[in-house]
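Only this structure's heavy atoms are used, side chains among them; waters, hydrogens and symmetry mates stay out.
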Amino acid sequence: MLKFYKAAISPLLPPACRFQPTCSVYSMEAFQRYGVGKGFVLTAWRLLRCTPWGNSGYDPVRWPPAGLEAIFKGSD
């Protein structure tokens, strides 16, 4: 599904990503590195942070998710 989005839909939209890597690249890497469960959590958290009043910049894929370390403490 992500590959379809990057190939068919993303080129039709103007560049608007606030973070590096882009959300679709981030999501693919999250699923590859951490599997379905953690990949879903990381992707959902990234999408929730992608708001006009949110941060921007370099945001690498890492577990636990940035800003949620206390919630997922010890869940490696």
Side-chain angles (χ1 to χ4, degrees):
M1 197 162 60
L2 287 169
K3 288 180 182 181
F4 172 77
Y5 170 81
K6 282 193 64 72
I9 298 170
S10 184
L12 302 174
L13 303 172
C17 199
R18 303 177 53 78
F19 293 105
Q20 287 297 324
T22 64
C23 289
S24 57
V25 171
Y26 180 96
S27 181
M28 284 192 278
E29 186 176 339
F31 279 99
Q32 288 171 349
R33 286 175 67 183
Y34 296 109
V36 175
K38 289 180 179 179
F40 179 81
V41 170
L42 288 166
T43 299
W45 183 239
R46 166 60 95 79
L47 292 173
L48 287 171
R49 291 183 294 132
C50 192
T51 63
W53 55 89
N55 291 331
S56 63
Y58 181 64
D59 181 33
V61 176
R62 66 184 178 111
W63 188 264
L68 297 180
E69 294 88 355
I71 294 172
F72 293 103
K73 185 178 180 181
S75 67
D76 292 327

_Those residues that, when tested against Arg18, pass side-chain hydrogen bond (donor to acceptor under 3.5 Å, both in side chains) (two or more places apart)_ = none

_Donor-acceptor contact present, side-chain Glu69 to main-chain Gly67, <3.5 Å_ = yes

*Sequence neighbours left out, what passes salt bridge (charged side-chain N to carboxylate O under 4.0 Å, His left out) with Arg33? Give chain and number order.*
Glu29

_Residue from Trp45, Tyr34, Trp63 passing ring-ring contact (aromatic ring centres under 6.0 Å, His included) with Phe72_ = Trp63

*Do Val41 and Pro65 have side chains that get closer than 4.5 Å, going by heavy atoms?*
yes

*Establish whether Ile71 and Val61 are linked, either directly or via other cluster members, by ILVMFWY side-chain heavy-atom contacts under 4.5 Å.*
yes

*Specify the closest pair of heavy atoms between Ala7 and Pro11, including all atoms of both residues, with the distance to one decimal.*
O-CG, 3.5 Å

*Taking atom OG1 of Thr43 and atom OH of Tyr26, what is their separation to the nearest 0.5 Å?*
7.0 Å

*Donor-acceptor pair, Arg46 side chain versus Asp59 backbone, under 3.5 Å?*
yes

*Gln20 side, atom CD; Ser56 side, atom OG - distance, nearest 0.5 Å*: 10.0 Å

*asked:* Restricting to non-hydrogen atoms, name the atom on Tyr58 and the atom on Pro21 that form the minimum distance, rounded to 0.1 Å.
replied: CE1-CD, 4.5 Å

